[in-house]
Protein chains: 2
Amino acid sequence: MIRVLIVEDEPLIAEAHAAYTARIDGFQVLSVSHTAQQAMATLRTTPVDLILLDLNLPDMNGLELTRALRAAGIGTDVLVVTSARDLAVVRSAVSLGVTHYLLKPFTFATFREKLLGYARYRSQLLGAGQVPAQHEIDRAFAALRGTAPDSLPKGLDQNTLDLVLGVLRADPVPSGLSAAEVGARMGASRVTARRYLEHLAETGQVVRSPRYGGPGRPEVEYRRV
Amino acid sequence: MIRVLIVEDEPLIAEAHAAYTARIDGFQVLSVSHTAQQAMATLRTTPVDLILLDLNLPDMNGLELTRALRAAGIGTDVLVVTSARDLAVVRSAVSLGVTHYLLKPFTFATFREKLLGYARYRSQLLGAGQVPAQHEIDRAFAALRGTAPDSLPKGLDQNTLDLVLGVLRADPVPSGLSAAEVGARMGASRVTARRYLEHLAETGQVVRSPRYGGPGRPEVEYRRV
DNA sequence: ACCCTTGCGTTCATTCTGTTCACCGGCCTG
DNA sequence: CAGGCCGGTGAACAGAATGAACGCAAGGGT
């Protein structure tokens, strides 16, 4: 059982994370802290395996808390949960040894994927015996970081999805593209392009809007957000 | 150009690592330290991107040096090079944010693989723009940790792998080949060809892309990078 | 109102994928 | 030398992803 400490100042969100964590086999929420001070105190008295850490705390930045932990010789693994889309923050987090970096908002599937990746890493290192070989270490590192992608609904293919996204990104005119245009540019049919565009629309990565003008039914154009 | 500091007490080995590093495109050996004190002093005055760190130093354990760096707010990335096959050491290293853990003795191929993995991680994070999305962070983490092991996974044979690579190289059309085509050209079944092509794809030596056209499910074509 | 035009949204045959499982040959063991 | 095991292969199969075809929806023109 992996013991988890949740550090999050917003009570509602902390509650949500706790509920998420409890739903995953092998994980157990040990405690919830709302400030960095509180977290430090808890960690001094209670053995914890993994910290779910919000970076935005009232009394101290989450990265500083991590640094303080490391300085104190506490090597507990940390999973950062934040809405900070800042490259410098990501790099700092990596250098401080956080196991994963999860951007808010996230779906339960994404959340679970990260926790399960951590569980894999853990079991591989613990189960490896006393004399790990290079390839065992590699496997453990890969389990830690190599993420199983959010599984797509049936009928969709990751390669094709990447192609569609590539076409949308590469479009010089940011006004949007119709399904037929996307299909032509990626070398597939309108039907296929549409399937993926609709998926992207449903998952909020793209917006649909009608394009009026000529005679006939208006076209639907898709634009990245 | 990635600036590298080598920290290794044994002069001969330090020299070897420096030579290895210099042989890899994009890496530049900035300095060599033989003690932790020396390394600290160098880092205070010189900007360094990556530290190749031997754990066994005369004046201080390498992990302690790393912890001291973090405590001092120095987030330089660290690649640990050691012969310590100790699980606790590996876990500590991870929690302190080392990018890779390389067991001595190693071949040049293994060494280069780790450095190139780091270079991939770096370029992905730097090139991502200011607003990374979750999947971009995931890709960067995967590049950092997803390693291609030297030894082939079970079920694969070096001779067959060479054959597949030969077929891909000999292809006059550089547009890519399907698994069935590769299989036919090497005199093996599609299933076998696919096994090896997928391995090559996972280790980044080959890219997969769908090939659309007529009715029916699209083919996957594999192309060397 | 009415028709005309044009693209949408869906269905379904088609083709290739991904996986499983039995087989074959070599190697170690008793 | 028999028997079991293991690593590598391919035949067979279930089903996944695509596009041609088609009826209908949604605009403009008169």
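Below, chain A is the first sequence line, B the second, and so on; all start at residue 1. Note that this is a predicted model, so its numbers are computed, not measured.
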ask   = Can you tell me how far P of D/dG10 sits from CG of B/D157, to the nearest Å?
value = 12 Å

note = Here the residues of residues 187-194 of chain A within 4.0 Å heavy-atom distance, strictly under, of DNA chain C are A/R190, A/V191, A/R194

For residues 48-56 of chain B, run the donor-acceptor check on the side chains, cut-off 3.5 Å, and write out each pair with its distance to 0.1 Å, sequence neighbours left out.
from  : atom 1 : to     : atom 2 : distance (Å)
B/D49 : OD1    : B/R3   : NH2    : 3.1
B/D49 : OD1    : B/R122 : NH2    : 3.0
B/D49 : OD2    : B/R3   : N      : 2.8
B/D49 : OD2    : B/R3   : NE     : 3.1
B/D54 : OD1    : B/N56  : N      : 3.3

Contact nearer the 5' end of DNA chain D, comparing B/T160 with B/P210 = B/T160

query = What does A/S178 touch in the nucleic acid at a heavy-atom separation under 4.0 angstrom: a base, only the sugar-phosphate, or nothing?
reply = nothing

Residue pairs involving residues 5-18 of chain B (criterion salt bridge (Lys or Arg N to Asp or Glu O under 4.0 Å); sequence neighbours excluded) = B/E8-B/K104

task = Using whole Å, report how far CG of A/L177 lies from C1' of C/dG7.
result = 16 Å

Separation of atom CZ in A/R211 from atom C1' in C/dC8, rounded to whole Å = 14 Å

Test applied, side chain to side chain donor-acceptor pair (under 3.5 Å); reference residue, A/Y222; option that passes from A/R194, A/E181, A/E198 = A/E198

key: Rounded interatomic separation in angstrom, taking CG from A/L161 and C1' from D/dT18   = 15 Å

ask   = Can you tell me if the side-chain N/O atoms of B/Y196 get under 4.0 Å from OP1 or OP2 in D/dT9?
value = yes

task = Calculate the interatomic distance between B/E198 atom CD and C/dG18 atom C1'; express it in whole Å.
result = 9 Å

Rounded distance (nearest 0.5 Å) linking atom CG of B/L163 with atom CE of B/M186 = 4.5 Å

note = In terms of heavy-atom contacts, A/A14 and A/V32 come closest through CB-CG1, 3.8 Å

request  = Measure from NE2 on A/H199 to P on D/dA16 and round the result to the nearest Å.
outcome  = 16 Å

note = Rounded to whole Å, CD of B/E219 lies from C1' of D/dT18 at a distance of 12 Å

ask   = Among A/L115, A/L30, A/I2, which one satisfies side-chain contact (heavy atoms from CB on, under 4.5 Å) with A/T21?
value = A/L115

query = How would you label the contact of A/R208 with the nucleic acid (heavy atoms, under 4.0 Å): base, sugar-phosphate, or nothing?
reply = sugar-phosphate

task = Take B/G213 and A/Y212, find for each the nucleotide of DNA chain D with the closest heavy atom, and name the residue whose nucleotide sits nearer the 5' end.
result = B/G213

Given DNA chain C, 5'-ward residue of the pair B/R195 and B/V220, judged by closest heavy atom = B/V220

ask   = Given atom CZ of B/R217 and atom P of C/dT19, what is their separation to the nearest angstrom?
value = 10 Å

query = Which heavy atom of B/S175 sits nearest a heavy atom of B/E221, and at what distance?
reply = O-OE2, 2.7 Å

